[in-house]
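Okay, so here's the structure we're looking at.
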Number of protein chains: 2
Amino acid sequence: MPKNCNFIEKLREVGLRPTKQRIKMCEVLYNREKTFHFTINDLVKMISEKMNEKISLATVYNTVHAFEKKGYLKEISIDSHKSYFDTNTSAHHHFFDEDTHELIDCDESDIDKINIRKNITGKKINSVEVLVRVASDNQNQK
Amino acid sequence: MPKNCNFIEKLREVGLRPTKQRIKMCEVLYNREKTFHFTINDLVKMISEKMNEKISLATVYNTVHAFEKKGYLKEISIDSHKSYFDTNTSAHHHFFDEDTHELIDCDESDIDKINIRKNITGKKINSVEVLVRVASDNQNQK
DNA sequence: AATCTACATTATAATAATTCTAAACTATTG
DNA sequence: CAATAGTTTAGAATTATTATAATGTAGATT
Ligand SMILES: [Mn+2]
Ligand SMILES: [Mn+2]
Ligand SMILES: [Zn+2]
Ligand SMILES: [Zn+2]
């Protein structure tokens with residue numbers, strides 16, 4: 001998946017102009033072994049480090065939302081005060097470490113399939129996601 | 001549970017001074033048949049309507065957070081741009097209607113018990129919550 | 001009941017996250 | 001290369017939330 005992917009192609013395919021900012025953002029986001037979670041500020045820092053030039057905060061916001069709309073990114077709600085994004089756009093569950101504020105992906109085998117018995121008339125289910133909040137176990141003093 | 005509960009007592013018991021603002025807030029929040037979900041702005045409006053006087057936004061924020069700390073309220077994360085609170089403080093799952101932005105409680109029978117197989121060393125599970133996003137089913141045109 | 005004191009409320013300012021604006025820039029098309 | 005539509009940018013605006021500091025009040029002490 002990584003290597004030196006052709007992000008220009010990828011961007012064109014979905015109708016986004018391959019500007020140097022977007023290509024750089026693609027490299028930061030997708031040119032890696034594993035998917036990851038980030039906040040906008042994380043991303044601005046990562047991009048700025050990889051580029052000599054600065055990147056405008058507005059561009060990062062705009063582009064993240066453009067990517068989100070195209071299905072390249074997914075927004076995760078764990079904290080009502082900050083947006084977390086995920087380069088893993090598949091349906092999956094999360095652990096959230098309340099000590100470190102770190103998000104951890106679950107894979108298929110970690111949580112049994114969720115069985116929903118409730119049905120809301122006229123509505124279809126778009127997603128079913130589990131959030132498991134964890135924190136350090138400070139009751140080891142038996 | 002409703003009736004004309006003694007909120008003064010309740011507040012005293014946990015060490016909160018029963019000020020008229022807090023008593024009014026208790027009435028708005030708990031003097032009703034069913035639990036409900038709200039945003040800070042919802043709550044400010046509801047309180048203002050029930051009181052002749054205005055209530056300070058800062059007081060609503062402070063008191064909501066005081067209540068949250070005491071376990072009277074629970075914060076729900078569905079949208080990274082706004083805080084939702086819940087007077088149902090028990091562990092429960094939600095449906096979120098993406099059309100109306102309405103939160104709907106699930107009860108025990110709606111979703112089978114979640115079985116978590118993953119374990120993070122040194123961490124204990126604080127909560128396991130499911131969020132089911134629904135939206136209007138616009139594929140009725142067979 | 002008058003006084004005291006710690007805690008609360010308030011209006012307002014400050015901060016933080018996000019979005020908007022409008023001018024300058026650039027990728028693509030012809 | 002010019003024209004054009006889409007993009008980036010700095011900075012202003014907006015929104016949600018938190019901090020500040022003066023004023024008010026509940027509950028205790030006299
Ligand atoms: Mn967003
Ligand atoms: Mn909060
Ligand atoms: Zn993830
Ligand atoms: Zn609820």
Side-chain angles (χ1 to χ4, degrees), chain A residues 6-28 37-45 47-48 50-70 72-73 75-85 101, chain B residues 6-29 37-48 50-70 72-73 75-85 101:
Chain A
N6 195 341
F7 294 123
I8 294 179
E9 284 291 308
K10 187 178 179 181
L11 287 168
R12 279 225 182 83
E13 271 168 22
V14 292
L16 291 176
R17 282 189 181 172
T19 62
K20 70 169 185 247
Q21 291 85 352
R22 282 178 178 157
I23 293 164
K24 187 57 66 178
M25 193 170 300
C26 282
E27 286 171 7
V28 170
H37 308 101
F38 61 92
T39 65
I40 295 286
N41 276 342
D42 294 339
L43 187 56
V44 170
K45 275 182 208 145
I47 295 169
S48 296
K50 275 224 171 182
M51 293 212 294
N52 303 342
E53 318 157 54
K54 290 273 149 277
I55 187 169
S56 162
L57 183 60
T59 297
V60 176
Y61 271 103
N62 293 342
T63 307
V64 162
H65 285 131
F67 281 5
E68 188 186 4
K69 192 174 299 174
K70 295 299 177 182
Y72 287 8
L73 287 176
E75 189 168 2
I76 309 290
S77 296
I78 0 95
D79 184 318
S80 306
H81 306 301
K82 209 182 296 183
S83 285
Y84 284 72
F85 292 88
H101 281 199
Chain B
N6 195 342
F7 294 125
I8 295 178
E9 284 292 305
K10 188 178 177 180
L11 288 167
R12 278 220 184 89
E13 271 167 22
V14 293
L16 290 177
R17 283 189 181 173
T19 61
K20 69 169 186 248
Q21 290 84 354
R22 282 179 178 157
I23 293 164
K24 186 58 66 177
M25 193 170 299
C26 281
E27 285 171 9
V28 170
L29 292 175
H37 307 101
F38 62 91
T39 64
I40 295 286
N41 276 341
D42 295 338
L43 187 56
V44 170
K45 276 182 207 146
M46 296 169 92
I47 295 169
S48 296
K50 276 224 170 183
M51 293 213 292
N52 304 342
E53 319 157 52
K54 290 273 149 277
I55 188 170
S56 162
L57 183 60
T59 297
V60 177
Y61 271 104
N62 292 341
T63 307
V64 162
H65 285 131
F67 283 5
E68 188 186 4
K69 192 174 300 174
K70 296 298 176 182
Y72 288 7
L73 289 176
E75 190 168 2
I76 309 289
S77 297
I78 0 95
D79 184 318
S80 306
H81 307 301
K82 209 181 295 182
S83 284
Y84 284 72
F85 292 88
H101 281 199

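Throughout, protein chains are lettered first and strands after them, A, B, ... in sequence-line order, and every chain is numbered starting at 1. Bear in mind that the values here come from a model prediction, so they are computed numbers and not experimental data.
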Original post:
What residue pairs, at least two apart or across chains, pass salt bridge (Lys or Arg N to Asp or Glu O under 4.0 Å) with a residue in residues 52-64 of chain B?
Top reply: B:Lys20-B:Glu53

What residues, two or more places apart in sequence or in another chain, satisfy side-chain contact (heavy atoms from CB on, under 4.5 Å) together with [X]?
X: B:Lys50; result: B:Lys24, B:Val28
X: A:Lys69; result: none
X: A:Ile23; result: A:Ile8, A:Leu11, A:Pro18, A:Glu27
X: B:Asn41; result: B:Thr39

Subject >> Mutual orientation of the aromatic rings belonging to A:Phe67 and A:Tyr72 [parallel < 30°, tilted 30-60°, perpendicular > 60°] >> reply: tilted

Below 4.0 angstrom from OP1 or OP2 of [N], is there any side-chain N or O of [X]?
X: B:Tyr61; N: D:dT17; result: yes
X: B:Arg12; N: D:dA26; result: no
X: A:His65; N: C:dT19; result: yes

Atom [atom1] of [X] and atom [atom2] of [N]: how far apart are they, to the nearest Å?
X: A:Ile23; N: C:dT26; atom1: CD1; atom2: P; answer: 14 Å
X: A:Asn41; N: C:dA16; atom1: CG; atom2: C1'; answer: 10 Å
X: A:Glu9; N: C:dA27; atom1: CD; atom2: P; answer: 16 Å
X: A:Lys24; N: C:dA27; atom1: NZ; atom2: C1'; answer: 18 Å

Original post:
Could you run down nucleotides 4-9 of chain D 5' to 3' and tag each one B, S or - for protein heavy-atom contact under 4.0 Å?
Top reply: -BBSSB

